[in-house]
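Working notes, structure below.
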Amino acid sequence: MLVGMLATGCARPPRTLRAAFAGAFLVGAALNAEQFSGRDTLGAALVTAQFNAITPENALKWESLHPRPGTYDFTAADQYVAFGERNRMFIVGHTLIWHKKTPRWVFQDSSGQPVSRDTLLERLRDHIKTVVGRFRGRIRGWDVVNEALNDDGTLRPTPWLTIIGADYLAQAFRFAHQADPDAELYYNDYALENAPKRRGALDLVRRLRAEGVPVTGVGLQGHNRMDWPTPAQQDTTIAAFAALGVRVMITELDIDVLPRRDRPAADSGLPTGAPSDLNPYRDSLPDSVQRALAQRYAELFAVYLRHAHDISRVTFWGVADGDSWLNNWPMRGRTSYPLLFDRQRRPKPAFDAVLGVARR
Ligand code: 9MR
């Protein structure tokens with residue numbers, strides 16, 4: 001009977017994201033050390049069942065890998081890559097250049113003065129050669145430059161820009177290409193769905209490619225809200241980058257259901273136990289919001305699927321709600337619900353809604 005059902009196509013449709021979107025795009029998740037070390041057994045099991053691509057949430061940032069001059073620590077990075085290889089996953093590296101999580105020494109000499117352009121370029125070359133070279137042929141795609149743009153589309157005034165100059169991006173991509181000629185190399189940023197920043201990123205990537213710089217993909221991070229971006233903005237953005245001839249990826253997907261108003265400083269926490277309109281769902285998510293989140297995920301996945309030809313991967317920024325950075329942003333101590341699996345690692349209605357899109 002069962003065999004007959006399978007043969008006639010009446011068997012139950014896939015219950016995993018990786019199977020549901022096979023043939024369309026990879027579905028990935030950002031992993032923390034608890035997951036890729038296997039200490040979080042439930043989390044690790046969910047990852048291997050559901051996903052076929054992984055990104056290290058923090059383990060490959062400069063500060064984690066290269067905390068002091070000449071000192072590299074690959075303990076966590078090696079474990080991350082081994083996890084991906086054991087489970088035959090597409091392994092992403094994140095990230096080579098960022099204005100955050102880069103130790104101060106990188107930009108300073110021994111007396112605390114800014115280093116010269118040549119010194120900083122040499123430090124960058126050494127870092128990229130060492131890190132990308134170590135995982136050559138194993139890490140298949142790198143976020144080479146992360147978040148280099150301001151909201152208005154101009155280059156963000158980071159020490160990379162002020163010390164090296166605007167060609168720091170081209171240099172980073174070239175160093176990465178030398179270290180692993182087969183790796184895909186990405187520019188990754190958030191809020192590219194907003195027109196001014198999108199224009200800046202399109203110009204940047206177009207210019208780099210015209211100069212022969214090996215940029216092969218663009219990562220749209222996808223830190224979304226319930227009302228932003230609209231499906232139309234998402235659609236236009238994917239189409240615009242695809243038209244440049246690069247791979248497009250959704251690289252850090254989540255949807256924030258919590259209110260954003262009256263934003264205190266990022267490092268401030270909520271008073272514990274305080275009733276707060278900034279933390280409205282401390283105990284659970286009301287059904288109405290749960291349904292709205294499911295609907296919103298379905299709406300976005302419908303756009304991704306329409307662009308399956310241009311999109312190579314959709315990666316969630318975390319596995320289950322309890323893991324998400326959004327519990328601590330823009331202030332610490334909130335209870336956030338941005339992903340497809342709840343705090344007990346059970347699938348939420350949003351998970352079924354996303355699978356439903358694949359079946360349409
Ligand atoms: O989720 C990450 C969080 O655990 C870190 O504390 C933070 C700083 O390193 O970075 C978070 O990930 C960011 C990613 O690396 C780049 N895009 C924005 C992500 C969310 O802040």
Side-chain angles (χ1 to χ4, degrees), residues 28-37 39-40 43 47 51 53-67 73 76-77 80 91-104 106 127 131 139 141-151 156 158-160 169 172 185-194 197 201 217-225 228-229 237 249-258 260 263-269 313-341:
L31 305 193
N32 59 35
E34 295 296 303
Q35 292 150 350
F36 62 70
S37 68
R39 283 192 298 271
D40 172 3
V47 172
F51 300 100
I54 53 173
T55 304
E57 186 174 6
N58 292 306
L60 271 76
K61 291 173 181 170
W62 191 308
E63 179 186 85
S64 315
L65 285 180
H66 191 183
D73 179 355
Y80 162 75
I91 305 172
V92 178
H94 171 91
T95 171
L96 297 171
I97 290 210
W98 196 20
H99 60 287
K100 294 187 179 164
K101 302 294 158 186
T102 309
R104 204 171 304 168
V106 175
H127 180 83
V131 174
I139 287 187
W142 278 97
D143 289 337
V144 177
V145 181
N146 193 41
E147 302 175 7
L149 294 169
N150 293 312
D151 288 345
R156 191 191 283 272
T158 66
W160 299 112
L169 295 104
L185 303 178
Y186 317 130
Y187 177 71
N188 191 53
D189 212 333
Y190 63 88
L192 297 180
E193 291 78 8
N194 292 338
K197 193 166 183 180
V218 169
L220 310 175
Q221 290 186 1
H223 292 298
N224 300 319
R225 302 175 58 175
W228 179 90
T237 306
M249 283 142 283
I250 309 296
T251 54
E252 304 188 10
L253 178 59
D254 46 30
I255 301 175
D256 194 358
V257 299
L258 299 185
R260 284 277 173 94
R263 193 157 123 180
D267 59 356
S268 71
R313 169 168 57 90
V314 175
T315 290
F316 290 84
W317 204 243
V319 178
D321 285 340
D323 308 317
S324 172
W325 70 293
L326 286 168
N327 294 301
N328 295 303
W329 190 90
M331 74 284 288
R332 282 180 280 113
R334 294 210 292 183
T335 309
S336 197
Y337 299 84
L339 297 166
L340 300 188
F341 299 94

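Each ligand, and each atom within it, is numbered from 1 in the order the structure gives.
With ring centers used as reference points, His94 lies under 6.0 Å from Trp317. Here the two rings, on His223 and Trp325, have centers that are under 6.0 Å apart. Under the 6.0 Å cut-off for aromatic ring centres, His99 and Trp160 do not qualify, their centroids lying 6.0 Å or more apart.
The option with the heavy atom closest to atom 13 (C) of ligand 1, from among Trp325, Trp329, Trp317, is Trp317. Of the candidates Lys61, Glu147, His94, Lys101, it is Lys61 that places a heavy atom closest to atom 10 (O) of ligand 1.
Between the side chains of Asn58 and Ser64, not a single donor N or O lies within less than 3.5 Å of an accepting N or O.
Residue contacts with ligand 1, taken as heavy atom pairs separated by less than 4.0 Å, involve Asn58 solely via side-chain atoms from C-beta onward. With a 4.0 Å heavy-atom cut-off, ligand 1 is reached by the side chain of Glu252 but not by its N, CA, C or O. Neither the backbone nor the side chain of Asn32 comes within 4.0 Å of ligand 1, counting heavy atoms alone.
Just one of Thr55, Asn146, Asn188 meets the side-chain contact (heavy atoms from CB on, under 4.5 Å) condition when paired with Thr251; it is Asn188.
In this structure, the protein non-hydrogen atom closest to atom 1 (O) of ligand 1 is Glu57 OE2, 2.5 Å.
When atom types are taken as modelled, the side chain of Asn327 and the backbone of Ser336 share a donor-acceptor pair closer than 3.5 angstrom. Here the side chain of Lys61 pairs no donor or acceptor atom with the backbone of Pro56 at under 3.5 angstrom.
For Lys100, the closest heavy-atom approach to ligand 1 does not fall below 4.0 Å. In this structure, Trp98 is part of the shell of residues with a heavy atom less than 4.0 angstrom from ligand 1.
Every atom of ligand 1 is numbered from 1 in the order shown, and the set under 4.0 Å from a heavy atom of Gln221 is 17 (N), 18 (C). Interface of Asn146 with ligand 1, defined as ligand atoms under 4.0 Å from a residue heavy atom, comprises 16 (C). Residue contact check: His223 has heavy atoms under 4.0 Å from atoms 18 (C), 19 (C) of ligand 1.
With a 4.5 Å cut-off on side-chain heavy atoms, Ile91 and Tyr80 count as touching.
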